[in-house]
Structure formats: C-alpha cells, structure tokens
> 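Can you read through this structure? Questions will come right after.
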Amino acid sequence: MQSPNRTFFNPSIFTLIGVPGLESIQHWIGIPFFISFILAVIGNSLLIIIIHSERSLHEPMYIFLAILAATDLGLTLCITPKMLAIFWLQVREIHFNSCLVQMYFTHTFQCMESGILLAMAFDRYVAICNPLRHSAILTKKVLINIIVAVTIRAAIIIIMCPLLIKLRLKLFKTTFISHSYCEHMAVVRLAAVDTKANKAYGLFVAFSVLGFDVIFIFISYSLIFRAVFKLPQKEARLKAFNTCTAHIFVFLQFYILTFFTSFIHRFGFNVAPYVHILLSNLYLLVPPLLNPIVYGVKTKQIREGMIKILHSKGPA
C-alpha cells in the first residue's frame, strides 16, 4: 500500500490538469479550440439538416454521412465544453462517476465513428463494384441493421472500460489527471493497484475495433481501385475516383491521427507530456471540424442543399 499522503481511497473528485506544462498559456490554447468547436457544431448540424431536408440525399452514402456528422457532434459536445471550462474558468474538478461517464461516451463515439467509416467504405465498394445491385443490397432494412450494429458494438465493447475502473481500481496514487478530459489510460495510470486487466482490455478494444475496421476498409478500397482501373474510359475512372476522394481523405486523417496518438501515448516515453495531450485533443477535435468541410466541398448535392437553405432564409 502507498503512504497515506499519496493514496486516495475511492476518491469522489478528480482534478483535470488540462495541458501539463502549459498551464500558464492555456487561456490562449482555448481560443483555437473554441473556434474549432463552434465551426464543428455549425458544420455538422448543417450537414444533418441538409441531408434530412433534401429527399435526393436520402441515399445510403448520405445517410451514413448524417450518422457520421451526428457522431462527430456528440464527440465534440462531450469533451470541448469541459475542456474550455478548464482553460478559461479554471473549473478543473470532475466527479469520479462523471469522469467515467465522459470516458464512456468519448470512446463510444470514437468507436462509432470507426464503424461508420467502415460502413461508408462498404457502400462505396457496392456502388462502384456492383452498381446495378446497389439499391437491392443496401436496402432501408440493411441500412438500419448496419447503423444499429455499429451503435451496439460501440456501446457494449466500451462499457467495460469504465466498469473495470469502477469495480477494480479502488486506490489511487493521486487524483490529478494529466489530461484535459477523462481518457481511459490517463485514469488507469493513476491507480495504486494492479492495472494489467485494464490495460489489456484497452489494447483488446484498440485492436478488435480499429484493427478490424482498418483491415476491411483497406480491403474495400483495394477492390474499388482494382475495379476502377479496369474501366475502359478515362472519364469513367476519374468519376469513380472522385466519388471516393472525400471518403479516403476522412479515413486517412482519422486513422493516421488515431495510430499516431496511440503510438505516442504508449511508446513515446521521451515525448513531452504536453505534446501527447495536444495531439490527443487534436485527434478528437480535428475530424468533427474537417469532415463537414471536406464533404461540403467535394459533394455537389450538399453544396446545392446549402445554397437552397441560404436562399430560403434570405429576403423574399
């Protein structure tokens, strides 16, 4: 057992430090995070409104995109308000149970986003490799089943992370979390008891979810590229590639940030703590900001929907 000065028995309150080593300038760090938060909320909300209001966008690709936007919206709302409260208002305390709830929803939304990206890759595979049967394969029932499966998978597989902490970790070396939100490993590292089961389950989630999704997304796009290169006309190849560019960009920026952040988190022992925390924050805040911009720029139907909404709200 640790000395009484360093051990807290089942603490009710934790303290989020924010960005360790940069506490004196966190009020400035909060400015770009606040701007990205506002843009992400507006962009993803508009994306959902446009897809919901335009009947021409009630297709599998856009339905998945609306779910992705809702997931991004949930993710940014889950962490950014508390982060800004730490940076600007010095409200660092968080109840232990609230910390676990934030952890659960943060990682659940991450898991859902990965699943939706896999579903979007499957949709593009069917649309390009088997276009004549696209509507027959991706029926309304199939879409609902995919969305429900993605949601249930995330909800079930992530619930064990906070549960294992709640049930197993009773003693903590400190209640100061070196992070700006309740990230799983940031909390686990505070424990003064054996954490092998918690760390093992965290790795299991990472490999079973992200590993599985990345493999099948890679297979989908490999088959897509093979089919595209077999098209006889250059214009047809360019059109097929153009329908995938936004998806590929979103896929790359999400998983590159994911793996780079995970690598630094687990193996970057010589990396300054503030670097890891900033990267971790960017990993969660950049996709919700960029996704509506990327799809808005690359998708003609969404641009037209935006113009209709702007005109409908203009003077008669």
> Linking I/L/V/M/F/W/Y whenever their side-chain heavy atoms sit closer than 4.5 Å, directly or via other members, would I144 and M61 fall into one cluster?
no
> Tell me whether N44 contacts the main-chain N or O of P288 through its side chain, where contact means a donor paired with an acceptor under 3.5 Å.
yes
> Parallel, tilted or perpendicular, judged at 30° and 60°: which one describes the rings of H52 and H58?
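Tilted.
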> Same hydrophobic cluster for V150 and I152, using side-chain heavy-atom links shorter than 4.5 Å among ILVMFWY?
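Per the 4.5 Å side-chain linkage, V150 and I152 are not co-clustered.
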> Flag the pair Y125 / I219 as yes when at least one side-chain heavy-atom distance between them is below 4.5 Å, and no otherwise.
no
> Got a donor-acceptor contact below 3.5 angstrom from the T80 side chain to the L77 backbone?
no
> Say you draw a straight line from CD of E93 to OG1 of T175; how long is it, rounded to the nearest 0.5 Å?
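These two atoms lie 9.0 Å from each other.
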> To the nearest 0.5 Å, tell me how far I67 CD1 sits from D72 CG.
11.5 Å
> Whether the side chain of S98 engages the backbone of I94 through a donor-acceptor N/O pair (distance < 3.5 Å, no angle test) should be reported.
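No; judged by distance alone, with no hydrogens or angles, the pair does not exist.
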> Using distance alone, with no hydrogens and no angle criterion, decide if S280 and Y181 have a side-chain donor and acceptor under 3.5 Å apart.
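There is such a pair between these side chains.
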> Treat each ILVMFWY residue as a node, draw an edge where side-chain heavy atoms are under 4.5 Å apart, and state whether F96 and I159 are in one component.
yes
> Please work out which of the three classes, parallel, tilted or perpendicular, describes the rings of H179 and H276, given edges at 30° and 60°.
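Plane angle over 60°, so perpendicular.
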> Do the non-hydrogen side-chain atoms of N291 and E113 ever get within less than 4.5 Å of each other?
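Contact flag for N291/E113 side chains = yes.
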> Find out whether I146 and P60 are in side-chain contact, i.e. whether some heavy atom of one side chain is under 4.5 Å from a heavy atom of the other.
no
> Ignoring hydrogens and angles, tell me if any N or O in the side chain of R92 forms a donor-acceptor pair with the backbone of I17 under 3.5 Å.
yes
> How are the rings of F172 and F14 set relative to one another: parallel (under 30°), tilted (30 to 60°) or perpendicular (over 60°)?
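Because their plane-to-plane angle is over 60°, the rings of F172 and F14 count as perpendicular.
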> Which residue is it: L16, L100, I165? I am looking for the one with a side chain to side chain contact (heavy atoms under 4.5 Å, CB included) to C182.
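Single side chain to side chain contact (heavy atoms under 4.5 Å, CB included) partner of C182 among L16, L100, I165: L16.
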> Between T151 (side chain only) and I147 (backbone N and O only), is there a donor and an acceptor less than 3.5 Å apart?
yes
> Work out which heavy atom in A154 is nearest to a heavy atom in M112; give both atom names and the distance.
CB-CG, 3.5 Å
> Check for me, please, whether W28 and L282 land in the same ILVMFWY cluster - side-chain distances under 4.5 Å, paths through other members count.
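The answer is yes; both residues are in one hydrophobic cluster.
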> What pair of heavy atoms forms the shortest contact from Q102 to C78, and how long is it?
NE2-O, 3.3 Å
> With rounding to the nearest 0.5 Å, note down the distance linking CG in L289 to CD1 in I42.
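Rounded to the nearest 0.5 Å, the CG-CD1 separation comes to 11.0 Å.
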> Please determine whether residues I63 and V148 belong to a single hydrophobic cluster, defined as Ile, Leu, Val, Met, Phe, Trp and Tyr linked transitively by side-chain heavy-atom distances below 4.5 Å.
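Cluster IDs for I63 and V148 differ.
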